[in-house]
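Just below is one structure, and these are the notes that go with it.
These values consider heavy atoms only, across backbone and side chains, with no hydrogens, waters or symmetry-generated copies. Bear in mind the structure is a predicted one, so any value in this text is a computation, not a measurement. Proteins get letters first, then strands, A, B, ... in listed order; numbering begins at 1 in each.
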Amino acid sequence: MSDVRVRFSPAPTGYLHVGGARSALFNWLYARHTGGTFILRIEDTDTDRSSDHLIEAIYDSMRWLGLDWDEEYRQTDRADQHLAFANQLLVDGKAYRCDCTRDALDARIAARGDAAGSGYDSFCRDRDVQPGDGVVVRFRTPDEGITGWDDVIRGRVEFENSVLEDFIIVRSNGTPMFHVANAFDDADMGITHVVRGEDLVNTTPRVLLLRQAMGHPEPPVYAHLPLIVNEQRKKLSKRRDDVAVGDYRAKGYLPEAMRNYLITLGWGPRDGEEIASIDRFIEQFELSDINNSPAFFDVKKLDHFNAEYIRAMPLEEFTALTIDLRPETVPADLYERMAPFVQQRLKHIDAEEIAPLMEWMVGPAPEPSDKDWKKVMGKDGVASVLALVADRLTVVEWSPEALEACVFGVGEELNAKTQLPVRMAVTGSRTGFPLFEPMAELDRDEVVARVRAALAKVEAA
RNA sequence: GCCCCGUUCGUCUAGCGGCCUAGGACGCUGGCUUCUCAUGCCAGUAGCACGGGUUCAAAUCCCGUACGGGGUGCCA
């Protein structure tokens, strides 16, 4: 085992969404690639918005994607240590108490003529505020100098310390905030590589400063991943975009397909094979190969991946996975015989995609649209084809092979194409399964009746 | 406003100074698989944001511009 230690640290304030899943995945890939340790750290310091239910949901989505973790922590279990760290900063004079309200700060900002929303102005730095209601602890950021790091993905990133405001490290309710918990835990847990979304770059100098104050000046390796964006090129948001991993699961995406698709967002395998086994990806994965521009989450391409994975499944596995999704009127043995045809046509593991493929086999054929009907049945000679097929069907041997020979035989005799009119008559559709196998599953009388009904409709037109 | 980041086909990517008349994938279009659809195969479509440098040589390095995004919470 190598000494690489990485972590995925979601805040359980929502379901795991595709952006978080991709971060988790890249951390996991790197850990597995290096033989290191993958840690799941639940950052639930915002107790008001975190919930056990959401933590469970995150576990669930991670397991579904096959992302297993080696160690697990919850930051609320470590709050005492975070607080002790914050208090030490207070003792050392690296932090101070502040009782400014947002309103008071805004008033000062307005009085100075600064832009609304400007950062904290260090008002309480030397006021020696005592503990009490509405009092927070702020970190004293340096007034000069530069805080920066060499990002594996972005290169050198630097911030002027002067633009860093004295940020809050302990809330007025006494709980430590994200930065302290994050900085402390990364150092304490010996995290060697921090792989996370680009939306966190701005917090990095704060964490770095905190580490220095803690006596851990040597930073981990940072890799800030490009964001996953929607069609408006904006960061995927839980509110406006439908992006929870669980939703994709519910929509019938295979975890392997989802995981494989996510891998291609911001990274490409060196061998160019974008659909491959997870082992191939683990083998090739390097942080330095991750690109730095945002990636659009393209459901069309995801669908393609999903369809590929569905088709690649062993038939028995596919059948077992989908058999309970068949229309309830379809007997299990019939479904098993039709499963190969279903597998070839499915984009999602979804009952609603399966139903239209086979409902005509167990109930009346659907009414085709006028447009489709005319396109197929409006051709010259269709009536004679249907008439002859209907007659032959009453006596032909009832097997797929014999049915095919019969229907095509009529075509040769009449010098016409027969498959489409017969299909339309029997299935009510121009598209679908190969005709003769399922047709042989129906009763002879039913099929003959459907062909005769179609014939009557053609003649009436 | 301030800070940070980004820009190769519509989309995801390859490309790390000559192999690039820019490759692959999705999508779309067309064709072929002795008569559906799907699959498979073949073909086509379309791109280095712009302007300056550096260099014998730039998609690749530097600077600027434009555009886009992220952050700017007692969220993470």
Side-chain angles (χ1 to χ4, degrees), chain A residues 9-14 20 43-46 48-50 75 98 100-102 114-119 134-138 148 151 153-155 157-160 162-165 167-175 177-179 181-182 196-205 224 226-227 229 231-235 261 264-275 288-289 291-305 307-308 311 341-347 357 376 404 407-408 411-412 416-424 427 429-435:
Chain A
S9 43
T13 55
E43 305 217 329
D44 55 349
T45 55
D46 182 2
D48 290 347
R49 297 197 303 157
S50 300
Q75 285 189 322
C98 164
C100 295
T101 61
R102 185 69 224 186
D114 285 355
S118 291
V135 173
V136 300
V137 178
R138 288 181 184 273
D151 198 283
I153 297 171
R154 269 148 234 294
V157 182
E158 293 184 333
F159 288 78
E160 300 257 1
S162 60
V163 305
L164 267 23
E165 66 176 314
F167 54 94
I168 295 174
I169 56 177
V170 181
R171 298 183 182 88
S172 57
N173 70 5
T175 58
M177 280 195 69
F178 160 69
H179 303 100
N182 190 271
R196 29 124 80 146
E198 195 198 346
D199 51 341
L200 270 338
V201 232
N202 301 271
T203 73
T204 305
H224 285 97
L227 260 19
V229 299
E231 46 278 88
Q232 278 88 239
R233 300 249 123 213
K234 296 206 194 298
K235 180 171 79 154
Y261 175 64
T264 68
L265 262 28
W267 181 79
R270 291 205 164 150
D271 64 10
E273 293 298 326
E274 59 181 12
I275 294 183
S288 55
D289 288 342
N291 68 222
N292 50 11
S293 45
F296 169 61
F297 189 83
D298 187 356
V299 177
K300 277 209 175 120
K301 190 153 181 175
L302 205 213
D303 283 349
H304 173 255
F305 276 45
E308 289 264 334
R311 274 184 252 115
F341 305 137
V342 178
Q343 182 176 18
Q344 203 67 203
R345 266 151 270 256
L346 237 43
K347 275 197 155 51
L357 289 171
V376 176
E404 177 169 350
V407 171
F408 284 175
E412 275 177 39
K417 296 209 171 172
T418 54
Q419 192 261 158
L420 220 36
V422 174
R423 169 183 294 278
M424 179 66 89
T427 76
S429 171
R430 298 171 52 212
T431 65
F433 291 169
L435 219 207

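For the pair A:R233 and B:rC5, the criterion of a side-chain N or O lying under 4.0 Å from OP1 or OP2 is not met. Taking side-chain N and O atoms only, A:R311 has a distance below 4.0 Å to OP1 or OP2 of B:rG40. Contact check, A:T45 against B:rA76: a side-chain N or O comes under 4.0 Å of OP1 or OP2. For A:R270, no side-chain nitrogen or oxygen approaches OP1 or OP2 of B:rG15 to under 4.0 Å. Phosphate proximity of B:rC35 to A:R430: absent, as no side-chain N or O sits under 4.0 Å from OP1 or OP2.
Relative to the side chain of A:T431, the nucleotides B:rC37, B:rC35, B:rU72 differ in distance, and B:rC37 lies closest. Checking B:rG24, B:rC4, B:rA76 against every side-chain atom of A:K301, the shortest atom distance belongs to B:rG24. Among the nucleotides B:rA76, B:rC37, B:rC26, the one closest to the side chain of A:M177 is B:rA76. Nearest nucleotide to the A:T203 side chain, out of B:rA76, B:rC5, B:rU13: B:rA76. Checking B:rC35, B:rG10, B:rC74 against every side-chain atom of A:I168, the shortest atom distance belongs to B:rC74. Out of B:rG70, B:rC12, B:rA14, the shortest distance to the side chain of A:N291 is found at B:rA14. You'll find that the side chain of A:S293 is closest to B:rG6, out of B:rA25, B:rG70, B:rG6.
Across all strands shown, B:rU54 forms no Watson-Crick or G-U wobble pair with both key distances under 3.5 Å. The base-pairing partner of B:rC16, taking Watson-Crick or G-U wobble contacts with both distances under 3.5 Å, does not exist among the strands shown. Pair assignment for B:rG73: none, as no Watson-Crick or G-U wobble contacts are both less than 3.5 Å. B:rA22 is unpaired under the Watson-Crick or G-U wobble criterion, no partner having all donor-acceptor distances under 3.5 Å. The base-pairing partner of B:rA49, taking Watson-Crick or G-U wobble contacts with both distances under 3.5 Å, is B:rU65. Nucleotide B:rC32 is matched to B:rG40 when pairs are restricted to Watson-Crick or G-U wobble geometry with both distances under 3.5 angstrom.
Ion pair A:K301/A:E274 flagged as a salt bridge, since at least one NZ, NE, NH1 or NH2 atom sits closer than 4.0 Å to an Asp/Glu carboxylate oxygen.
A:T418 comes within 4.0 angstrom of a base, heavy atoms only. Contact annotation for A:F159: backbone-only contact, meaning every heavy-atom pair under 4.0 Å involves sugar-phosphate atoms and none involves a base. Among the protein residues, A:Q344 comes within range of the nucleic acid bases, having at least one heavy atom under 4.0 Å from a base atom. A:V136 comes within contact range of at least one nucleobase, with a heavy-atom separation under 4.0 Å. As judged by a 4.0 angstrom heavy-atom cut-off over every strand, A:F341 is placed among residues making no nucleic acid contact. Within 4.0 Å (heavy atoms only), A:G411 reaches no atom of the nucleic acid at all. Nucleic acid contact class of A:E273 (heavy atoms, under 4.0 Å, all strands): none. Nucleic acid contact class of A:L164 (heavy atoms, under 4.0 Å, all strands): none. At the heavy-atom level, A:M424 lies nowhere under 4.0 Å from the strands shown. Looking at heavy-atom distances under 4.0 Å, A:P434 makes contact with a base. Within the nucleic acid shown, A:G432 comes within 4.0 Å of at least one base atom, counting heavy atoms only. Using a 4.0 Å heavy-atom criterion, one finds that A:E412 contacts no nucleic acid atom at all. Across all strands shown, A:K235 has heavy atoms under 4.0 Å from sugar-phosphate atoms exclusively, and none from any base.
A donor-acceptor pair under 3.5 Å is formed between the side chain of A:Y261 and the backbone N or O of A:D298. Of the possible polar contacts, one joining the A:D151 side chain to the A:H224 backbone as a donor-acceptor pair under 3.5 Å is found. For A:T418 (side chain) and A:V407 (main-chain N/O), a donor-acceptor pair under 3.5 Å exists by modelled atom type. Although no hydrogens or angles enter the test, the distance criterion places a donor-acceptor pair under 3.5 Å between the side chain of A:R423 and the main chain of A:F433. A donor-acceptor pair under 3.5 Å is absent between the side-chain atoms of A:T427 and the main chain of A:M424, judged by distance alone.
As rounded to the nearest Å, B:rG40 and B:rC48 have P atoms that lie 31 Å from one another. With both ends at atom P, the span from B:rU8 to B:rG30 equals 29 Å, rounded to whole Å. Only the P atoms considered, B:rG6 is 15 Å distant from B:rU60, to the nearest whole Å. Of the C1' atoms belonging to B:rU72 and B:rG10, the separation is 33 Å, rounded to the nearest Å. A gap of 32 Å separates the C1' atoms of B:rC4 and B:rC26, to the nearest Å. Remark: the separation of the C1' atoms in B:rC74 and B:rG68 is 32 Å, to the nearest Å. To the nearest whole angstrom, the two P atoms, one in B:rC9 and one in B:rA46, are 14 Å apart. Taking the C1' atoms as reference points, B:rA59 lies 8 Å from B:rG15, given to the whole Å.
Nucleotide B:rA25 holds its P atom 17 Å from the CH2 atom of A:W267, rounded to whole Å. Protein atom CG of A:D48 is 10 Å distant from nucleotide atom C1' of B:rC74, rounded to whole Å. Rounded to an integer number of Å, the gap from A:F297 CZ to B:rC26 P is 17 Å. Atom CZ in A:F296 sits about 19 Å away from atom P in B:rU7, given to the nearest Å. Whole-Å rounding puts the A:D271 CG to B:rA25 P distance at 13 Å. Between the CD atom of A:E231 and the P atom of B:rC26 there is a distance of 21 Å, rounded to whole Å. The interatomic distance linking A:Q232 (CD) with B:rC67 (C1') rounds to 17 Å, in whole Å. If you take CD of A:E274 and P of B:rA25, they are 8 Å apart, rounded to a whole angstrom.
Put simply, the side chain of A:S172 and the base of B:rC74 share a donor and an acceptor less than 3.5 Å apart. If you check distances only, the side chain of A:N292 never reaches the base of B:rG6 with a donor-acceptor pair under 3.5 Å. Scanning atom types as modelled, no donor and acceptor separated by under 3.5 angstrom connect the side chain of A:K300 and the base of B:rC26.
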#### Entry: Step-by-step salt bridge (Lys or Arg N to Asp or Glu O under 4.0 Å) determination, A:K300 to A:D303
CA-CA 5 Å; A:K300 277 209 175 120; A:D303 283 349; over 6 Å; no
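Nearest heavy atom pair, residue A:R154 against residue A:N292, reads NH1-O, 3.5 Å.
The residue among A:T264 and A:K234 whose nearest nucleotide of RNA chain B is located toward the 5' end is A:T264.
Counting only heavy atoms from C-beta outward, the side chains of A:S293 and A:P226 never approach each other to under 4.5 Å.
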